[in-house]
Number of protein chains: 2
Amino acid sequence: MSGGAGALFATMGALGLAPASAAPAPAYQAPRRSDLTLTGRGAGKVVVLGGGIAGLASAYELGKAGYDCTILEARPVTGGRNFTVRGGTTATDLDGNTQRAAFSPGIYLNAGPARIAQWMVTLDYCRELGVPVEVFTNQNADAYIYNESAGIAPVRYRTAKADVYGYVAELLAKATDQGALDARLTTDDKERLLSFLQSFGAIGGRTDGWAYHGTTRRGFASYPGAGNDAGAPLDGPPSLADVFASNVGRYFSFEFGYDQAMLMFQPVGGMDRIPAALTRAIGPGRVRLGAEVTSVTDRPDGVEVGYRQGGRARTVKADFCIAALPPHLMARVPHNLGADVTTALAGFPVTASGKIGLEYRRRWWETDLRIYGGITETDLDLAHIWYPSYGFHQPRGLIVGYYNTGANARAYGALTPPERTERAIAQGVKIHGDVYRTEFATAYSQAWHREPYLEGAWTSPPWGTAGYNLLLQPAGHVYFAGDWLSHEVAWQHGAFVSARSVVTALHRRVLTS
Amino acid sequence: MSGGAGALFATMGALGLAPASAAPAPAYQAPRRSDLTLTGRGAGKVVVLGGGIAGLASAYELGKAGYDCTILEARPVTGGRNFTVRGGTTATDLDGNTQRAAFSPGIYLNAGPARIAQWMVTLDYCRELGVPVEVFTNQNADAYIYNESAGIAPVRYRTAKADVYGYVAELLAKATDQGALDARLTTDDKERLLSFLQSFGAIGGRTDGWAYHGTTRRGFASYPGAGNDAGAPLDGPPSLADVFASNVGRYFSFEFGYDQAMLMFQPVGGMDRIPAALTRAIGPGRVRLGAEVTSVTDRPDGVEVGYRQGGRARTVKADFCIAALPPHLMARVPHNLGADVTTALAGFPVTASGKIGLEYRRRWWETDLRIYGGITETDLDLAHIWYPSYGFHQPRGLIVGYYNTGANARAYGALTPPERTERAIAQGVKIHGDVYRTEFATAYSQAWHREPYLEGAWTSPPWGTAGYNLLLQPAGHVYFAGDWLSHEVAWQHGAFVSARSVVTALHRRVLTS
């Protein structure tokens, strides 16, 4: 291989993404007022079912061209699953559990989406709407891994990584140096690999048998200080057999994910800053809250939507409809769009998920454990514990005490909110000790599968099937939108790109009609 | 291994840091006013040489007990190497280069320390002083690795990691499965290791020869979108030989470091919020700026310090002195503390380091490359490129265009500031293309080894030597403090713990005298 800028850029792409060929921005072009005025057309009326991210984004984008949009939202706030709980938030679930959040000022729980990857269009909306963002702490070397099933104490990520990578490096260096991989590796490859492994694993050299003996990367019982205090390293490392038996490496790959790798982001002040900003931008009077859709009727010249609001049956007529409800709920709405539409809508399975916010009287994870954000990974039914990404050094703070799915979410969801809190704390005590109970102040829990007008967390779409494809096309004057019609389900990105897709199709139809 | 909380906590420590035995807070106890009043003693007078972090922290801590501290600082601001450049900052270096920063409002460069690890006592001072902190983006999967010497295009960290870890996993799985490591691994170990490697490397199974064929972890040329758009994966992966020849893994271990692993932090608004808060807390009238120390004379009953301020020679008398200047500068100050003190002070070698801040008219790294913070690692003479950890989505932003040491820092430092800018941009263009030049607005560069009253970046202390140990003891009434008398050189933590150590010793001496 030779250097030089010419040769260099000529080989771009060979080893991944070159800057000049970075992923092109989506070709999305927002509808413009001039598109209509220049062609002598008027902007039509559009009724949007559901004020979640897909519905809001649809109305926001269409509004750029002057479409007259009305959003029907059954819940008392816009945002859908983008739901931030603050002190005073009150809700009743499908089982009749009513909670009123008693969080302190400044404390909030993003009960739904909570993180945004750098490549997601969600960040473009934050920029466009003036919603400030900050780092979401999706990874922290000082957070723990706790595998109860392995019978071991919590281990800091930094320690676990040092030990797993150390032994992996030792083993591969031994095998390489002994010629076990000569069928796969040239002499040059071997030399380069051994050099990498020494750095990667902090292992000894050939004369030391490439052995891993520990490293300061593991962390310290007492960190280096003044004078001749070089710090007190942690005891260890444990043996190779103990490290692999502890299974501490089982979750390392989480942070490599194309959708989860740091850096991740969140809006300053709560994820619902996004729907709030969209709602403001859409303009006053366009969102009808507490409006439950009861029927959708396609007509030759438009669409008529029946809904119930304030105990009264009402209707709204429009040129087009964008149905941005969850598919399993839309499947229940009486309509004349055909049985195949109902069947297709019913073909999206629903996932359960739960999350609890535990407010603490003091931020013991910062002061006592030096954990400033991040996630402790467990094999407990609580799955993950999140330390807060905001409010560092403030008097109080909120931990996400569980964020789980499937059977675990259903088990917690079947409990009353106080029972959920008790169970979450009892589990968390296993990792954090008594402080997890003694400093606890108040909690709020969300069971998405038991939440009115949502009844689920997300879906696993039947991508590419006839039913899925059917819903990518309008049924008469009715379009469908939502993260469930995208390849980024459970992410706001999916809702945004689906909305953009529908807005583009609808606008093109108007311009070519 | 068996479960159960008893057995579980009994084995704590075996695999690293258990929460109950987390690193104990340093036993530091700040001097209290009551320590003196209860023993009928008066608080003495202390003169502190140097208003860097060690000097400020010394005066701040002693002030808690009422000591009457005076700080002599030669520079026009406190903080020492903790120096934040904003629009209007003006300075002249030892070569006569004068720069006046033309940065836009809200834009700053932390020319010195810029990051804080979670365990560092620096964060405790931020909390105590009410200095808000936010995440410093020390690691980003979307930043690049650029090895010009390998003749390859810039590669995103996420892509490089996926490929290196994929091939490492493939190789080790093959060797393990073929029995090459049977002398080191039991059957259980092998099974666990193979399970880990499949997750770690995203490799195939036994029937696939454990092969690495690429993964979505590499990233996409076009990320997943609406409908049936599953995204366009990057081309690749390159061959095993090409991946190791590219040497993209050479810097992976940086983020495992006990002092560099994420999460890292910075004060909101600039690192100099720390010295500014310390200076405020020390109180008005105690800091004399532009005060260059010219002599230190130990007397039987105290110490007398000569200094020059505003062109006039002055003196200050005190009961004690804390000398918190850089050791190589303190070595030049005439004193009567003995030749061995001078020799010891001169025994600290000085390192060169440079940093440049490049303000851009738009944040093209966010909009064009989807890089929100983090560090691009290079083998160029600029070493590292830092994307800003603050001001996301703002119109303008500041990139650290080089942060280098040794020969590279001296090479840049020998240039005029405009020449440094030109060289940094020409190098950065290799990675980022023309935008790196066309969107450039203005720059400010710091050559620490050419900075008056500092003349160096940091030192490599001769820990444990007679000379080093000599300076850990007072010379008469003169104590020495600074990061150079700690095991965390170049970190504010080192300055703080050194100051605490000296304050503790001085206060104990007063209380037992």
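Just so it is clear: chains get the letters A, B, ... in the order the sequence lines come, proteins before strands, and each one is counted from 1.
No part of A:A162 comes within reach of chain B, as not one of its non-hydrogen atoms sits under 4.5 angstrom from that chain. Contact annotation for B:V168: both backbone and side-chain heavy atoms come within less than 4.5 Å of a heavy atom of chain A. Contact annotation for A:F392: only side-chain heavy atoms (C-beta onward) come within less than 4.5 Å of a heavy atom of chain B. Of the atoms belonging to A:Q139, heavy atoms from both backbone and side chain fall under 4.5 Å from chain B. Of the atoms belonging to B:L472, it is side-chain heavy atoms, and not backbone ones, that fall under 4.5 Å from chain A. In this structure, chain B has no heavy atom under 4.5 Å from any part of A:Y251. At a 4.5 Å heavy-atom cutoff, the contact between A:F256 and chain B is made by backbone and side-chain atoms alike. There is no contact between A:Y157 and chain B, counting heavy-atom distances below 4.5 Å. Residue B:L181 touches chain A through its side chain alone, counting heavy-atom pairs closer than 4.5 Å. Heavy atoms of A:N228 lying under 4.5 Å from chain B belong to its backbone as well as its side chain. If you measure heavy-atom distances from A:L240 to chain B, the contacts under 4.5 Å come from the side chain alone. Contact of A:E170 with chain B is made through the side chain alone, with heavy-atom distances under 4.5 Å. With a threshold of 4.5 angstrom between heavy atoms, A:L185 approaches chain B through side-chain atoms but not through N, CA, C or O. With a 4.5 Å cut-off on non-hydrogen atoms, A:S501 touches chain B through its side chain but not through its backbone.
Side-chain atoms of A:H393 never come within 3.5 Å of backbone atoms of B:D124 as a donor-acceptor pair (strictly under, hydrogens ignored). Between the side chain of A:H487 and the main chain of B:Y223, no donor-acceptor pair closer than 3.5 Å is present. In this structure, A:Y468 contributes its side chain and B:G227 its backbone to a donor-acceptor pair below 3.5 Å.
At a threshold of 4.0 Å, the pair A:R127-B:E366 does not count as salt-bridged, since none of the basic side-chain nitrogens sits closer than that to a carboxylate oxygen.
Applying the side chain to side chain contact (heavy atoms under 4.5 Å, CB included) test to B:D259 and every residue at least two apart in sequence or in another chain returns B:W119, B:M120, B:W491. Considering only residues two or more places apart in sequence or on other chains, A:A202 meets the side chain to side chain contact (heavy atoms under 4.5 Å, CB included) condition with A:T215, A:R217.
The minimum heavy-atom distance between A:Q118 and B:D142, with the atom names listed, is NE2-OD2, 3.0 Å. Contact between A:Q178 and B:A180 at its shortest, heavy atoms only, is OE1-O, 4.0 Å. Taking both residues in full, the closest heavy atoms of B:G257 and A:R158 are given as O-NH1, 3.5 Å, listed atom of the first, atom of the second, then distance. When all heavy atoms of B:H493 and A:P224 are compared, the closest pair comes out as NE2-O, 2.9 Å. The two atoms that bring A:T216 and B:Y258 nearest to each other are O-CB, 3.2 Å, heavy atoms only.
Taking the six-membered ring where the residue is Trp, the centroids of A:F200 and B:Y165 are separated by under 6.0 Å.
B:L171 has its side chain within reach of A:R184: a pair of non-hydrogen atoms, C-beta onward, lies under 4.5 Å apart.
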Can you list the steps and then say if B:M262 with A:T137 is a side chain to side chain contact (heavy atoms under 4.5 Å, CB included)?
CA-CA 9 Å; B:M262 285 283 276; A:T137 59; over 6 Å; no
What do the steps show when you test A:D188 against B:F244 for side chain to side chain contact (heavy atoms under 4.5 Å, CB included), and what is the final call?
CA-CA 9 Å; A:D188 276 352; B:F244 286 107; over 6 Å; no
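Looking only at heavy-atom pairs under 4.5 Å with chain A, the residue among B:Y390, B:F196, B:F496 that has the most is B:F196.
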